[in-house]
Amino acid sequence: MSIEIYNTPIKRKQQFSPLKKGRVGMYVCGITAYDMCHIGHARSMIIFDTIARFLRKKGYDLTYVRNFTDVDDKIIARANKGGITYQDVSEKYIEEFYTDMEILKVEKPDVEPKASEHIPEMIDMIAALIDKSFAYESGGSVYFNVSRFKGYGKLSSRKLEDMIAGARVDVDEAKKNPLDFALWKVSKTGEPWWKSPWSKGRPGWHIECSAMSTHYLGPTLDIHGGGRDLIFPHHENEIAQSEGTYGKPFVRYWIHNGFVTVNNDKMSKSLGNFLTIRELTKEIHPEVLRLFLLSRHYRSPIDFSRDAIHESRGALIRFYESLDRVFNSPCSATKPRLKNIIDGFNNKFDAAMSDDFNTAKAIGHIHEFTTEVNRTLNSNPEVAEDDVFALRAALSDVSNILGILEQEPAEFLDHIKHADLDKIGITDQEIEGLILNRDKARKARDFKAADEIRDNLKARGIILKDTPEGTVWERE
RNA sequence: GGCGGCAUAGCCAAGUGGUAAGGCGACGGUCUGCAAAACCGUUAUUCACCGGUUCAAAUCCGGUUGCCGCCUCCA
């Protein structure tokens, strides 16, 4: 099935067809390494990780590039404040980022370039832009002249005149037009600098992505991604720089993800309503977080709340419990009993993912699939060997693409069951002891005593289930 | 102020021209000592509101209201 992608500038889905058959170059804006990442960053990383995994699954030879901004005002500010170098700051937070990505099972892109390691490419590009009169030097800094680039605003659906009319940016004497943006900045005392034809300075933010994406993927990218907040001005500026330099279409498909919100406000540093990946994954299983972040369409906002996380946790447990049932079923059926269900699921899952990476719909299909499997097993617990094979294969596809359901069900369920048991203030042994006491009471038909034990445990978040194989317990 | 986006049941949510996926919750049922889990059934004649186009609209067009975002660093 062919893939459809919603392309930001034209605001509709298009059939995906890369520039070179079978090969895809994808560039995604990474982080500015000056602080710990929050779940807004996690969403973007997980979405593009999933897109990359799916493209590979579909057989594309993908080159995935994601940059690190390691020279920037905020990094420098942080370094100066702490009396350390900008490298100390960026290196620390790049390390922290890697730890986060490992926790979240985000696969490494093929190339992770750092801005500081590509200054010569940026200087070359800036020189070319000056040469073509798209840029001008002013007091040692270099600015891009937006009025010289006729397509300016095509990505974000803005007109240059409208933007000038409603401009809020401070008037800068050095600029010809308030919307002109810096390609090269003169370095002030205490700021890092590189030698250039214009001054001892440092690159503007936008030029790094144009220079590095071209360096690794060529002047035309198949896919360029990032958060919605990057559409303007960052990605708009990238187009101006790259198309100005090379005179070729910069990007074939622009993909932008929606924000993580809290009470419907964008999660951000300035609002102070952010939660870091690190603190969150201490209490929330990474697969729960992944499932939550993938359970809404990538372009929509997703509101973070404890309730929403709890719902995703419940859904993940439901999936794993159903899988556990299948893997514990006797392999004695002479004919496959789940094969049709699995085949149907595989097709629907692929169709959903092919339709603009609709993970929300794909997860809906996992729910339906789970219901169908449970229904089949309720009528008769037997399965055939082929069923188990087919399920393992389907499961491996899902986990390879979405990064959930990667664990053995029994292992996952056991983990969830015991996580933070100490917070409740009870041990495994104590619960088992209470279950034994309750069993005795039940055998003596003293249901009042038995129910009291169960109610007390329930009040502490422990649920007892009486099954044909005996009583088992779970966390609420 | 300029520009863009969104509005689907009690809640979350998919759905861009063909007659409303899925999940949570609630209620009824099977099962159970009673529960829990699982399953079955019920839960939007209707998609913020008003007009329009069309044989046909949640989906397209115009307007209104509300919310969010970008225009300054931002995933």
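We name chains A, B, ... by the order of the sequence lines, and we start the count at 1 in each one.
Side-chain contact of A:S157 with A:K11: a donor-acceptor pair under 3.5 Å is present, judged by distance alone. Side-chain atoms of A:N378 and A:R325 include a donor-acceptor pair closer than 3.5 Å. Of the N and O atoms on the side chains of A:S305 and A:D307, not one donor lies less than 3.5 Å from an acceptor on the other residue. For the residue pair A:H256/A:H235, the side-chain donor-acceptor check at 3.5 Å is satisfied. Donor-acceptor pairing under 3.5 Å is lacking for the side chains of A:E238 and A:S210. In this model, a donor atom of one side chain and an acceptor atom of the other lie less than 3.5 Å apart for A:N257 and A:S44. Using a 3.5 Å distance cut-off with no hydrogens or angles, the side chains of A:D72 and A:Y86 do not pair a donor with an acceptor. Defined by atom type and a distance below 3.5 Å, a donor-acceptor pair is missing between the side-chain atoms of A:R375 and A:T370. Of the N and O atoms on the side chains of A:D70 and A:S116, at least one donor lies less than 3.5 Å from an acceptor on the other residue. Donor-acceptor pairing under 3.5 Å is lacking for the side chains of A:H415 and A:E287.
Between the P atom of B:C12 and the CG atom of A:L291 lies a distance of 18 Å, rounded to the nearest Å. Spacing between atom CD of A:E469 and atom C1' of B:A38 amounts to 13 Å, rounded to whole angstrom units. Across the protein-nucleic acid pair, A:N263 atom CG and B:C12 atom P stand 12 Å apart, rounded to whole Å. If you measure from atom CD1 of A:I231 to atom P of B:G69, you get 15 Å, rounded to the nearest angstrom. Between the CG atom of A:L271 and the P atom of B:A75 there is a distance of 14 Å, given to the nearest Å. Atom C1' of nucleotide B:A75 and atom OH of A:Y34 are separated by 11 Å, given to the nearest angstrom. At whole-Å resolution of the value, CG in A:N378 and P in B:C39 are 7 Å apart. Across the protein-nucleic acid pair, A:H224 atom NE2 and B:A75 atom C1' stand 11 Å apart, rounded to whole Å.
No donor-acceptor pair closer than 3.5 Å links the side chain of A:S300 to the backbone N or O of A:R296.
Base pairing annotation: B:U53 forms no Watson-Crick or G-U wobble pair, as no partner gives both donor-acceptor distances under 3.5 Å. Across all strands shown, B:C31 has no partner, as no Watson-Crick or G-U wobble contact with both distances under 3.5 Å is found. The pairing partner recorded for B:C47 is none, the criterion being a Watson-Crick or G-U wobble arrangement whose two distances lie under 3.5 angstrom. Base pairing analysis places B:U59 opposite nothing; no Watson-Crick or G-U wobble pair with both distances below 3.5 Å involves it. Shown here, B:A7 forms a base pair with B:U65; the pair counts as Watson-Crick or G-U wobble because both key distances fall under 3.5 Å. Across all strands shown, B:A37 forms no Watson-Crick or G-U wobble pair with both distances under 3.5 Å.
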Open item on the list: Across nucleotides 13-24 of chain B, 5' to 3', mark each nucleotide with B, S or - according to how protein heavy atoms within less than 4.0 Å reach it.
Closed with: SSSB----SSBS
Task: Where protein sits on nucleotides 28-35 of chain B, one letter per nucleotide: B base, S sugar-phosphate only, - none, heavy atoms under 4.0 Å - done: -----BBB
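Distance noted for atom P between B:U53 and B:A58: 16 Å (whole Å). B:C12 and B:A7 are spaced 15 Å apart, taking the C1' atom of each and rounding to whole Å. Rounded to a whole angstrom, the distance from the P atom of B:U42 to that of B:A21 is 12 Å. One P atom belongs to B:U45, the other to B:A36, and the distance between them is 29 Å to the nearest Å. On the C1' atoms, B:A35 is 11 Å away from B:C31, given to the nearest whole Å. The gap from the P atom of B:U16 to that of B:C61 amounts to 14 Å, rounded to the nearest Å. Rounded to a whole angstrom, the distance from the C1' atom of B:G25 to that of B:A13 is 14 Å. Going from the P atom of B:G62 to that of B:C67 covers 23 Å, rounded to whole Å.
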Task: Derivation and outcome, side-chain hydrogen bond (donor to acceptor under 3.5 Å, both in side chains), residues A:Y216 and A:H118 - done: CA-CA 11 Å; A:Y216 292 102; A:H118 294 272; 3.0 Å; yes
Open item on the list: Does A:E112 form a side-chain hydrogen bond (donor to acceptor under 3.5 Å, both in side chains) with A:Y64? I'd like the steps, not just the answer.
Closed with: CA-CA 9 Å; A:E112 297 178 275; A:Y64 177 19; over 6 Å; no
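Under a cutoff of 6.0 Å and an axis angle of 45°, A:R158 and A:F232 form a cation-pi pair.
Among the atoms of the strands shown, none is found under 4.0 Å from any heavy atom of A:F48. Nucleic acid contact class of A:V260 (heavy atoms, under 4.0 Å, all strands): base. If you check every strand for non-hydrogen atoms under 4.0 Å, A:G226 touches sugar and phosphate atoms only. Among the heavy atoms of the strands, none lies under 4.0 Å from A:G153. Residue A:M267 is in base contact, counting any heavy-atom pair closer than 4.0 Å across all strands shown. Contact annotation for A:R43: no contact, since no heavy-atom pair falls under 4.0 Å across all strands.
Judged by closest nucleotide on RNA chain B, A:N374 is the one of A:T261 and A:N374 placed further toward the 5' end.
Of all nucleotides listed (B:A75, B:A38, B:C71), B:A75 comes nearest to the side chain of A:N257.
Of the residues in residues 64-76 of chain A, A:K74 come within less than 4.0 Å of RNA chain B through at least one heavy atom, sorted by number.
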